[in-house]
Amino acid sequence: MSNRAELPFSLTIEVRDTCLCLFVQRAARAMARRFDEALRPLGLTNGQFSLLMSLNRPEPAGIKSVAALLGMDRTTLTANLKPLERRGLVKGLVDEADRRSRLLVLTPSGRSLLVRAVPIWRREHAAMERKLPEGRADALRADLAALS
């Protein structure tokens, strides 16, 4: 008698063919690679673009609200901010209302880089939407929002 638990290959096939998480991860990786490649001439990754864009607001943003928008924990956000701060694209400020908290702002250099990045993002985003049947991009966004 074997001590190995039964795990039939058919289960592997079932997961491969039905797992929503796997499908979303594969699509996210493919899209990330595409946007990373497109933004590479600007020295940005797709994640950095999203982070910079999340700071494009009229008022400085708190770390908690940015982390929530990007769907990441505060520790991960802080780690992702460091290279952008070193490049002078983002600046952390002390929150005068709560001196223990930091507020984040785009620097003029960060804003200028975003201005250059947006046409690249628009071009790639339009190309991705064209891969979907007519009208399905909005439905996909809604479906993904429901899962997040």
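The shown structure was predicted, so the numbers you read here are calculated from the model rather than taken from an experiment. When reading the values below, keep in mind they use all heavy atoms of this one structure, side chains included, and skip hydrogens, waters and symmetry mates.
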N/O donor to acceptor pairs below 3.5 angstrom from side-chain atoms of residues 137-148, sequence neighbours left out:
| unit_1 | atom_1 | unit_2 | atom_2 | d |
| --- | --- | --- | --- | --- |
| D138 | OD1 | R141 | NH2 | 2.7 |
| R141 | NH1 | E129 | OE2 | 2.9 |
| R141 | NH2 | E129 | OE2 | 3.3 |
| S148 | OG | L144 | O | 3.4 |
| S148 | OG | A145 | O | 3.2 |

ask   = Is there a donor-acceptor contact under 3.5 Å from the side chain of R87 to the main chain of G43?
value = yes
ask   = Is there a donor-acceptor pair under 3.5 Å between the side chain of T107 and the backbone N or O of G88?
value = yes
request  = Please check if V105 and V94 belong to a single hydrophobic cluster, counting links between Ile, Leu, Val, Met, Phe, Trp and Tyr side chain heavy atoms closer than 4.5 Å.
outcome  = no
inquiry  = Quick one, K64 and S101 - any side-chain contact, counting heavy atoms below 4.5 Å?
reply    = no
query = Linking I/L/V/M/F/W/Y whenever their side-chain heavy atoms sit closer than 4.5 Å, directly or via other members, would L77 and L93 fall into one cluster?
reply = no
query = Does E37 come within less than 4.0 Å of R40, counting only side-chain N to carboxylate O?
reply = yes
key: Polar side-chain atom of E124 near backbone of W121 as donor-acceptor pair, under 3.5 Å   = no
Side-chain donor or acceptor of T18 paired with backbone N/O of E14 under 3.5 Å = yes
inquiry  = Between V118 and M53, is there a side-chain heavy-atom distance shorter than 4.5 Å?
reply    = yes
ask   = Does any non-hydrogen side-chain atom of L70 lie less than 4.5 Å from one of S50?
value = yes
message = Looking at S54 and L51, would you say the former's side chain and the latter's main chain have a donor-acceptor pair under 3.5 Å?
response = yes
key: Under 3.5 Å donor-acceptor, S112 side chain and P108 backbone   = no
query = Crowded around E96 CD? As in, over 12 foreign heavy atoms under 6.0 Å?
reply = yes
ask   = Of L103, L55, N80, L81, which is the lone residue that meets side chain to side chain contact (heavy atoms under 4.5 Å, CB included) with V66?
value = L55
inquiry  = Taking the basic N atoms (NZ, or NE/NH1/NH2) and the acidic carboxylate oxygens, is any pair closer than 4.0 Å for E85 and K91?
reply    = no
key: Same apolar cluster: L42 and M31, side chain cutoff 4.5 Å   = yes
ask   = Parallel under 30°, tilted from 30 to 60°, perpendicular over 60°: which one fits the rings of F35 and H125?
value = tilted
query = Quick check: does any side chain N or O of T78 sit under 3.5 Å from a backbone N or O of R74, one acting as donor and the other as acceptor?
reply = yes
